[in-house]
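Quick notes on the structure that follows.
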Amino acid sequence: MRPARALIDLAALRHNYRLARELGGARALAVVKADAYGHGAVRCARALEAEADGFAVACIEEALELREAGIAAPILLLEGFFESAELEPIQRHDLWCVVHSPWQLEAIERTALTRPLTCWLKLDSGMHRVGFAPADYRAAHARLMASGKVARIVAMSHFARADELDCPRVAEQLAQFETATAGLVAEFSLRNSPALLGWPQFFRHGHGDEWLRPGIMLYGATPFERYQEQAAQLRPVMTLESRIIGVRELPAGEPVGYGARFVASRPTRVGVVAMGYADGYPRHAPNGTPVAVDGRPAQLIGRVSMDMLTVDLTDLPQAGLGSRVELWGAQVPASEVAAAAGTIAYQLFCNVRRVARSWLD
Ligand SMILES: *Cc1c(COP(=O)(O)O)cnc(C)c1O
């Protein structure tokens with residue numbers, strides 16, 4: 001059996017969820033969209049079911065996967081519905097839905113419903129992706145109330161730059177939100193992982209009934225580019241690992257792999273690892289990207305190919321055929337691999353495929 005695999009530590013997932021709750025002191029929907037950022041939505045939801053206040057996914061297809069697996073907790077659709085035909089299954093499966101656009105308001109007004117909806121009404125406080133503009137927000141809220149089809153409204157918005165720890169736009173978005181929603185609703189939801197970890201000063205007093213929306217932090221990766229105290233308490237959930245399946249001794253001057261991107265500058269011992277971009281390892285990872293071989297730090301050399309990649313074993317004489325290689329996990333932070341490859345841990349996790357996944361509880 002090919003040794004490439006992803007181990008998912010569900011105890012670490014629960015640790016990270018508890019940390020989110022401790023930081024926020026409020027209710028938290030665990031964001032498990034995109035198959036729980038590659039960690040397995042059903043397995044992760046089951047592991048959190050006893051303590052999570054609910055879950056958030058991108059679309060109804062993802063929500064139904066959880067319902068079919070027996071998850072009875074609240075589930076929020078972060079993009080709401082894409083066509084009005086989804087309103088019927090939304091009611092039937094008791095899903096909560098984001099309302100972000102005027103056409104969705106119209107669809108709710110036009111559709112006959114048997115049960116009242118729980119809507120999360122989205123304000124565009126500065127992200128400028130979806131949501132009602134501040135000037136239109138009160139009218140949208142009034143229309144939802146007047147439709148007679150909504151039992152409960154949660155005011156929500158999303159930060160664009162909370163991962164930049166000194167960005168003034170965060171306070172501006174918060175002020176927009178407070179102005180647009182003043183006196184309107186009790187329940188509200190603003191904070192994703194970077195806002196929750198990095199911006200406690202904004203949320204200390206009297207903010208009523210808040211729903212947190214942690215995603216990446218549940219999976220143990222920092223959303224920040226630099227060290228951050230709270231993020232340092234997270235435990236990585238996924239270990240992506242494989243083994244050395246071949247070893248080569250190359251004299252100085254010889255290249256390794258496609259395009260000869262790496263050329264040995266000294267006699268070099270090359271380890272071939274069963275892991276490639278078809279498994280989700282980033283093809284753009286440069287020479288020098290960190291890996292760990294039998295628990296010791298080592299470096300990627302040469303271009304990543306579809307099924308294999310190569311590492312430098314010159315300084316690790318004990319390592320050889322069969323040695324365990326960690327691509328990311330407790331020893332090699334996914335965020336460091338991501339930074340080296342010009343991406344973010346979110347994308348690395350979501351891209352994991354083909355490898356066998358196993359869940360440890
Ligand atoms: C994905 C998502 C989140 C979670 O974001 P993280 O940065 O992973 O914590 C929160 N809210 C919304 C609207 C999202 O789409």
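Counting convention: from 1, in listed order, for ligands and their atoms alike. Source: prediction; values computed, not measured. Start at 1 with the first residue, then count along the sequence.
Closest to atom 9 (O) of ligand 1, if we only count protein heavy atoms, is Ser193 OG, 2.5 Å. Nearest protein heavy-atom neighbour of atom 12 (C) of ligand 1: His158 CE1, 3.4 Å. If you check which protein heavy atom lies closest to atom 7 (O) of ligand 1, you get Tyr346 OH, 2.7 Å. Looking only at heavy atoms of the protein, atom 11 (N) of ligand 1 is closest to Arg213 NE, 2.9 Å.
When ring centroids are compared, Phe132 and His100 stay outside the 6.0 Å threshold.
With salt bridges taken as basic N to acidic carboxylate O contacts below 4.0 Å, none links Arg353 and Asp35. Comment: Arg226 does not engage Asp163 in a salt bridge, judged by the lack of any side-chain N to carboxylate O separation of less than 4.0 angstrom. Salt bridge annotation for Arg46-Glu49: absent, with no cationic side-chain nitrogen under 4.0 angstrom from a carboxylate oxygen.
Distances shorter than 4.0 angstrom occur between a heavy atom of Lys33 and an atom of ligand 1. Not a single heavy atom of Pro223 sits less than 4.0 Å from an atom of ligand 1.
Using a 4.0 Å cut-off to heavy atoms of Tyr37, the atoms of ligand 1 that qualify are 1 (C), 4 (C), 5 (O), 6 (P), 8 (O). Near Ile216, with a cut-off below 4.0 Å to any heavy atom, the atoms of ligand 1 are 6 (P), 8 (O), 9 (O). Listed by number with element, the atoms of ligand 1 under 4.0 Å from a non-hydrogen atom of Pro194 are 7 (O).
For ligand 1, the polar-atom distance check against Met156 finds no nitrogen or oxygen pair separated by under 3.5 Å. No N or O atom of Val31 sits closer than 3.5 Å to an N or O atom of ligand 1.
In this structure a side-chain-to-backbone donor-acceptor pair under 3.5 Å is present from Ser193 to Gly215.
At a heavy-atom cutoff of 4.0 Å, ligand 1 is contacted by the side chain of Leu78 but not by its backbone.
No chain of hydrophobic side-chain contacts below 4.5 Å, direct or via other Ile, Leu, Val, Met, Phe, Trp or Tyr residues, connects Tyr277 to Ile245.
In this structure, Arg152 is positioned above the aromatic face of Trp96, its NZ or CZ under 6.0 Å from the six-membered ring centre and within 45° of the axis.
Among Arg191, Arg21, Arg27, the single residue meeting the salt bridge (charged side-chain N to carboxylate O under 4.0 Å, His left out) criterion with Glu210 is Arg191.
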